[in-house]
12 protein chains.
Amino acid sequence: MKKILVINGPNLNLLGTREPDKYGDDTLENIKTMLQEKAQKLDTELEFFQSNSEGELIDKIQSAKNQFDGILINPAAYTHTSVAIRDALSAVNIPTVEIHLSNIHAREEFRHKSYTAAVCIGQICGFGKYSYIYGLTALVTHFNQ
Amino acid sequence: MKKILVINGPNLNLLGTREPDKYGDDTLENIKTMLQEKAQKLDTELEFFQSNSEGELIDKIQSAKNQFDGILINPAAYTHTSVAIRDALSAVNIPTVEIHLSNIHAREEFRHKSYTAAVCIGQICGFGKYSYIYGLTALVTHFNQ
Amino acid sequence: MKKILVINGPNLNLLGTREPDKYGDDTLENIKTMLQEKAQKLDTELEFFQSNSEGELIDKIQSAKNQFDGILINPAAYTHTSVAIRDALSAVNIPTVEIHLSNIHAREEFRHKSYTAAVCIGQICGFGKYSYIYGLTALVTHFNQ
Amino acid sequence: MKKILVINGPNLNLLGTREPDKYGDDTLENIKTMLQEKAQKLDTELEFFQSNSEGELIDKIQSAKNQFDGILINPAAYTHTSVAIRDALSAVNIPTVEIHLSNIHAREEFRHKSYTAAVCIGQICGFGKYSYIYGLTALVTHFNQ
Amino acid sequence: MKKILVINGPNLNLLGTREPDKYGDDTLENIKTMLQEKAQKLDTELEFFQSNSEGELIDKIQSAKNQFDGILINPAAYTHTSVAIRDALSAVNIPTVEIHLSNIHAREEFRHKSYTAAVCIGQICGFGKYSYIYGLTALVTHFNQ
Amino acid sequence: MKKILVINGPNLNLLGTREPDKYGDDTLENIKTMLQEKAQKLDTELEFFQSNSEGELIDKIQSAKNQFDGILINPAAYTHTSVAIRDALSAVNIPTVEIHLSNIHAREEFRHKSYTAAVCIGQICGFGKYSYIYGLTALVTHFNQ
Amino acid sequence: MKKILVINGPNLNLLGTREPDKYGDDTLENIKTMLQEKAQKLDTELEFFQSNSEGELIDKIQSAKNQFDGILINPAAYTHTSVAIRDALSAVNIPTVEIHLSNIHAREEFRHKSYTAAVCIGQICGFGKYSYIYGLTALVTHFNQ
Amino acid sequence: MKKILVINGPNLNLLGTREPDKYGDDTLENIKTMLQEKAQKLDTELEFFQSNSEGELIDKIQSAKNQFDGILINPAAYTHTSVAIRDALSAVNIPTVEIHLSNIHAREEFRHKSYTAAVCIGQICGFGKYSYIYGLTALVTHFNQ
Amino acid sequence: MKKILVINGPNLNLLGTREPDKYGDDTLENIKTMLQEKAQKLDTELEFFQSNSEGELIDKIQSAKNQFDGILINPAAYTHTSVAIRDALSAVNIPTVEIHLSNIHAREEFRHKSYTAAVCIGQICGFGKYSYIYGLTALVTHFNQ
Amino acid sequence: MKKILVINGPNLNLLGTREPDKYGDDTLENIKTMLQEKAQKLDTELEFFQSNSEGELIDKIQSAKNQFDGILINPAAYTHTSVAIRDALSAVNIPTVEIHLSNIHAREEFRHKSYTAAVCIGQICGFGKYSYIYGLTALVTHFNQ
Amino acid sequence: MKKILVINGPNLNLLGTREPDKYGDDTLENIKTMLQEKAQKLDTELEFFQSNSEGELIDKIQSAKNQFDGILINPAAYTHTSVAIRDALSAVNIPTVEIHLSNIHAREEFRHKSYTAAVCIGQICGFGKYSYIYGLTALVTHFNQ
Amino acid sequence: MKKILVINGPNLNLLGTREPDKYGDDTLENIKTMLQEKAQKLDTELEFFQSNSEGELIDKIQSAKNQFDGILINPAAYTHTSVAIRDALSAVNIPTVEIHLSNIHAREEFRHKSYTAAVCIGQICGFGKYSYIYGLTALVTHFNQ
């Protein structure tokens with residue numbers, strides 16, 4: 001059974017309670033529940049992690065080494081500013097999929113650039129909570145290739 | 001039963017026969033077969049279209065109005081240069097998902113920018129043929145929301 | 001009697017039926033009718049052409065040589081990306097007026113630049129269908145100078 | 001009867017006497033006469049104003065409020081540098097058309113950008129004195145829409 | 001008793017009568033009254049000046065030398081384009097505070113840059129008419145340091 | 001009685017003890033005392049928070065929801081690099097004022113840009129410790145509008 | 001006997017009849033005759049193709065696979081804007097030489113950049129019709145290395 | 001006897017009384033006296049003009065036509081921002097020399113660019129009041145060539 | 001005996017175990033041992049600190065005041081993005097040397113810029129673990145100057 | 001009999017002995033021998049010159065005046081940085097062809113720009129030693145036109 | 001008696017014999033003679049130096065230390081590319097005036113920037129051979145201040 | 001015994017006698033003596049070379065092939081402008097260390113970029129004469145790895 005670490009970046013703990021027009025109605029808890037169900041079907045085990053701290057996110061990514069088979073990450077705002085998270089992902093070298101709730105290409109110019117996507121398998125954005133589902137599916141499919 | 005138009009941009013007809021390290025081993029025909037199977041499960045009808053011509057791609061997008069419920073598009077190289085395809089997608093206003101076989105963020109600088117993604121629901125890139133599967137799933141899920 | 005070729009670029013065939021807030025309510029057919037009336041008053045003969053294909057637009061521009069006295073062109077999205085249409089206009093060297101339905105200066109940054117306007121007599125933008133009328137008038141006036 | 005304020009920016013008082021290859025042979029007085037005739041036909045009343053001073057141009061634009069139904073403006077060099085005139089046009093919120101004698105897209109790079117066009121209905125450039133005629137026509141047509 | 005010159009740049013004479021969503025309901029006259037009251041409490045004397053002309057604003061700034069102890073300036077649109085006003089402020093070398101009614105950082109990109117702020121004590125923006133109050137307070141406090 | 005959270009970003013804990021020519025002589029403790037006095041007069045309750053960690057600052061901003069009526073923030077160096085703090089402020093949607101001790105427009109080019117100011121009511125910079133006083137006053141005034 | 005596909009991009013069909021100062025007096029037909037003679041001497045077989053359509057050019061490039069030993073291409077205006085033609089050349093992976101009649105480095109800034117040259121063996125520009133001769137020679141020499 | 005118009009831009013009326021380290025000790029009056037003496041030796045007549053207003057400077061430049069044989073201009077801050085003064089100089093087409101008291105290349109980046117120098121004979125900067133002397137000499141020498 | 005704080009930024013805790021081609025085989029522990037030996041010879045005392053958190057790095061830098069005579073810092077990814085660490089170094093004003101294991105000039109463009117180096121004595125990059133040795137030597141030499 | 005000066009820029013003396021994957025196996029001596037043979041067939045006389053010094057290259061170019069009918073130049077690295085060599089070529093005004101061994105468009109961004117090509121007849125790059133042959137042929141053909 | 005070193009950069013040895021429309025008819029020898037006459041009147045001694053080599057120019061500048069009281073330099077093309085000549089001028093710290101025959105502001109964009117002017121007293125450009133006269137006069141005047 | 005070539009770029013021959021605040025008090029001769037001592041301890045032989053000429057520096061670098069085991073280079077101003085020196089270092093492929101006396105990151109923007117560092121092992125800057133010592137040590141250590 002594959003183990004996947006689901007990492008959520010800054011402000012994602014606020015999901016569902018605010019700005020639903022941008023990020024959808026679901027809370028991170030809802031997404032977790034939904035994703036757990038999906039994981040069960042895919043015979044996969046998940047661990048969830050959320051932090052607003054760039055350093056803690058890096059700590060967690062590093063700790064994934066030998067503990068997890070894949071990473072599903074929504075780096076949120078750090079996507080656009082963090083070379084350090086990119087380096088962490090690059091260093092642990094675990095298959096990673098980057099996801100975003102909103103369509104970053106339809107927002108401010110500074111959200112179009114991703115430091116982290118270049119060291120991931122791929123990127124999925126714009127499908128709200130379903131970005132997580134598709135990202136999880138993509139990771140599991142990747143293991144089976 | 002929802003009808004989805006699957007549009008493939010320039011050079012995608014060459015898939016599988018060349019540069020497999022970049023785009024995978026599967027031909028567009030394989031992807032079609034695989035996607036048809038998935039569509040059947042999702043109770044969806046697909047039509048495939050591929051063209052190397054920006055104009056024909058626009059013609060096809062326009063023709064989708066009232067004929068299709070969604071568009072799954074891999075604009076390939078035109079992603080980065082075509083304002084006209086962007087305008088076509090914007091004009092027909094049909095739910096659209098943009099997909100890419102390769103991870104465009106891990107390639108040349110000029111492939112990081114997408115003119116078209118901004119008028120789509122979202123973008124999926126980097127998962128080879130599976131980008132199509134996830135894109136199709138995303139569209140169908142979108143219809144059911 | 002002067003002959004003028006009226007060229008319409010990508011997505012203009014959709015006029016009137018969609019995004020009326022951006023491009024007005026009139027269809028290209030309406031514009032044609034209105035413009036024909038104006039042409040008659042100006043003792044001018046018109047031929048209409050619309051294509052979504054950059055190549056066909058170039059073919060048509062080239063064919064204007066020795067057949068037409070002037071060109072009225074709305075290159076639409078190709079305004080901002082097509083060096084090839086610019087070169088075609090420059091090569092046939094027929095008096096040309098560039099028109100736009102919408103005010104391109106009030107839209108996205110990438111629509112402010114025109115590759116084609118530099119090889120035209122002038123540019124008219126922002127007056128909806130009337131941009132065509134003024135463009136036609138400008139061409140005819142140009143012939144009489 | 002509609003009243004239109006015709007505003008001419010810096011150096012336009014020199015029209016006709018110098019650099020005729022760039023701006024045509026007509027003096028501003030000629031243009032005025034020609035435009036008055038056109039206005040009469042369109043059952044419109046005109047007031048002319050020219051100044052080399054950014055501040056006086058702003059003063060005049062402001063004074064148009066409740067006095068004029070439309071503004072026809074050739075901001076000349078201030079087109080490319082004046083946020084203040086843009087703000088004035090935006091503040092009085094009177095239908096305005098921007099015109100240029102020469103084709104600004106065929107001149108120096110710094111003349112391609114317009115601060116003012118974005119707050120106008122549209123822009124007409126490249127037709128010499130006739131840019132004024134078309135601009136006036138466009139304004140009157142706008143009132144009748 | 002300290003004397004402060006309150007300088008208002010282009011279009012600020014229109015305050016209160018137009019675009020209240022951007023600049024608030026108060027007229028410049030209201031602001032003057034309100035500011036006079038505040039000045040009285042701060043034992044300070046004010047002189048108001050408004051002009052749409054860059055040159056007149058510079059003349060006024062220059063005349064402040066030996067006449068005023070401080071300048072409270074809202075350069076409006078000239079903030080972003082006037083090296084000359086910057087040089088005037090720099091030349092008279094009187095303590096100056098720059099204020100803006102609206103939050104310039106939340107508007108167009110070209111309004112984020114300030115030529116003038118660099119030669120002032122500080123900048124206050126976004127608080128509508130209260131920007132003037134805070135600016136006045138800041139100047140008076142500065143005198144007492 | 002309104003409650004306001006006063007947030008101080010990286011290195012502000014060093015205030016008063018170092019680089020007094022840039023940031024003034026007062027310690028953060030002095031500022032706190034001074035601000036408390038002001039708050040008392042304004043019938044307002046304050047809570048102070050300082051952290052060098054982007055993540056902790058975000059945590060604190062998030063915790064303000066339903067606990068505080070306003071935020072007074074000096075994001076210091078994070079002003080120029082943190083999309084994540086911007087997103088946090090945007091998410092909690094509490095009236096916020098951004099302040100800076102020094103005049104950021106008179107320093108290095110990279111300090112002229114603010115990611116955070118765009119989601120605040122306004123910004124005050126350059127008045128040393130008094131920037132806090134004016135920021136607090138601005139917040140309280142905002143509540144009373 | 002080697003087979004070489006000679007591809008001519010947009011507006012090259014107009015060669016010789018217009019703008020001879022920029023592109024020389026020879027027609028594409030003349031160039032063809034001249035190049036055929038050269039090909040005979042080099043024991044090489046040529047096929048000519050010209051299109052104004054980016055899509056048709058891509059179609060033709062793709063069709064060269066297994067049919068031709070080399071490609072001699074003058075992408076004309078598409079040189080500077082077409083990622084799609086670059087991708088087609090890259091995909092078929094046939095030895096290709098890029099040629100230009102005029103010296104692109106001595107023309108407008110936007111003609112200095114070539115998307116296509118990077119995937120060719122080399123580039124030859126500025127020698128009018130002889131650019132074709134040198135390009136053909138270069139290809140044949142390449143085969144013999 | 002040649003007549004030369006000496007035009008001084010914004011803030012130059014303050015010369016000598018402020019910022020002597022940047023602009024020297026001499027007042028504009030001193031420079032005038034010194035320049036008059038030099039003019040007498042060169043058998044030349046001078047007229048002096050200073051204004052802080054861009055518009056008045058343009059008015060004066062325009063009035064020089066048929067009245068003056070040459071212009072000696074120190075556009076000060078407008079050097080870097082005024083397309084309108086450039087156009088005025090270009091329109092009157094009188095031999096003009098641009099001068100600056102300070103060395104503009106040794107100051108802020110935005111002072112390195114000159115809109116006006118391109119339409120002058122030449123530019124002299126960095127020699128304090130002597131820049132005027134050399135500029136006058138250059139003009140007179142130009143007449144004798 | 002001088003005391004030096006050795007600060008290691010994000011992901012340096014992973015040293016030696018991963019990506020040895022980029023960063024060398026040695027672990028941070030090895031480097032520590034090697035550096036301790038060197039320190040002993042230089043009659044210097046070291047303290048090591050590593051964190052993935054920008055905030056903790058700033059906390060540590062601040063705590064160095066009055067505790068350490070020098071700082072040896074490898075800010076890793078934060079080199080290129082952290083104004084806050086720059087400000088911390090600038091604030092504590094302790095002699096600091098910046099080091100990098102890899103040659104940042106031979107890597108991605110975004111790694112060529114250093115926010116932090118400008119407030120250090122100097123920078124050493126590209127010598128793997130020996131960058132630490134040279135950095136330590138440089139600091140000690142600096143003390144003896 | 002035409003005389004042609006063959007100029008080789010910096011580091012070309014090392015040809016053949018190093019980095020053969022980038023520049024080919026042939027030494028400059030080999031190229032000379034091969035080119036001499038070709039020259040004999042073309043009834044042309046050659047003189048070879050190589051220098052690593054920008055100044056000596058300029059001296060040589062200048063000396064070509066009245067001594068040579070054409071110049072074949074491989075400016076190597078100076079292509080991208082030398083305005084002075086461009087000016088020398090422009091000054092002597094002898095027909096010149098620029099050549100490069102490698103395909104400069106397929107290398108680092110800073111090698112895409114050529115200061116010198118703009119003042120040559122044309123440019124040939126990417127064909128190794130044969131670039132010299134084609135360049136020589138191009139020059140001789142140019143003489144015969 | 002003051003001694004002045006007159007330094008001429010690349011291609012200035014060709015003066016007068018070529019491109020007289022750009023640089024005038026006079027040879028460098030003529031300029032020398034003319035300048036010597038002027039020097040005599042100014043009781044100054046001149047030494048002339050011209051080189052096409054950046055290195056020799058630097059050598060000469062360095063040798064001026066303690067030998068010359070001033071430098072008159074026309075760095076020609078090196079003006080725009082040589083940090084090394086800038087550093088040499090900065091190092092010897094002798095009063096220097098930069099001159100140009102042509103008006104560099106009226107030529108190509110890349111000639112508008114001067115690396116060297118920033119470390120000179122001032123710059124004079126556009127007056128042909130007279131630029132030297134004015135430059136010499138400026139230096140001598142500088143000595144007498 | 002390893003042989004190392006120590007190369008010094010433009011203006012370094014002036015060391016110690018001028019601008020000591022920027023480059024230190026020591027002459028190049030002092031540095032040589034100091035470095036010789038260090039070399040002796042490291043059982044290494046040094047050869048010194050200084051030139052102000054880019055070409056001579058390239059000649060020297062080339063001559064190092066088979067003569068030297070390493071290069072210690074301070075390219076001074078050429079660091080920022082010389083692609084040719086970069087190519088020379090790349091061609092000879094001898095282990096090289098780049099050094100700078102001053103901290104280039106704390107100086108003008110144009111000194112932050114290094115063309116040469118990318119082809120060296122590493123770069124050391126900011127430690128005055130000691131940069132040479134550390135660079136030498138780094139080279140010798142490199143040999144022993």
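Hydrogens, waters and symmetry mates play no part in the numbers below; they use all other heavy atoms, side chains included. Residue numbering restarts at 1 for every chain, and letters A, B, ... go by the order of the sequence lines.
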May I have a table of the donor-acceptor pairs connecting chain E and chain F at distances under 3.5 Å?
from      : atom 1 : to        : atom 2 : distance (Å)
Asn103(E) : ND2    : Ala117(F) : O      : 2.9
Asn103(E) : ND2    : Cys120(F) : O      : 3.1
His105(E) : NE2    : Gln123(F) : OE1    : 3.0
Ala117(E) : O      : Asn103(F) : ND2    : 2.9
Cys120(E) : O      : Asn103(F) : ND2    : 3.1
Gln123(E) : N      : Cys125(F) : O      : 2.9
Gln123(E) : O      : Cys125(F) : N      : 2.9
Gln123(E) : OE1    : His105(F) : NE2    : 3.0
Cys125(E) : N      : Gln123(F) : O      : 2.9
Cys125(E) : O      : Gln123(F) : N      : 2.9
Tyr134(E) : OH     : Thr141(F) : OG1    : 3.0
Thr141(E) : OG1    : Tyr134(F) : OH     : 3.0

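Evaluation of the salt bridge (charged side-chain N to carboxylate O under 4.0 Å, His left out) test over residues 115-125 of chain E, restricted to residues two or more places apart or in two chains, returns none.
With a 4.5 angstrom heavy-atom cutoff, Val97(E) touches chain F only via side-chain atoms.
Chain E forms the most heavy-atom pairs under 4.5 Å with one residue out of Gly128(F), Gly126(F), Gly135(F), Ala118(F), and that residue is Ala118(F).
Minimum interatomic distance between Ala138(F) and Phe127(E) (heavy atoms only, all atoms of both residues): CB-CE2, 3.6 Å.
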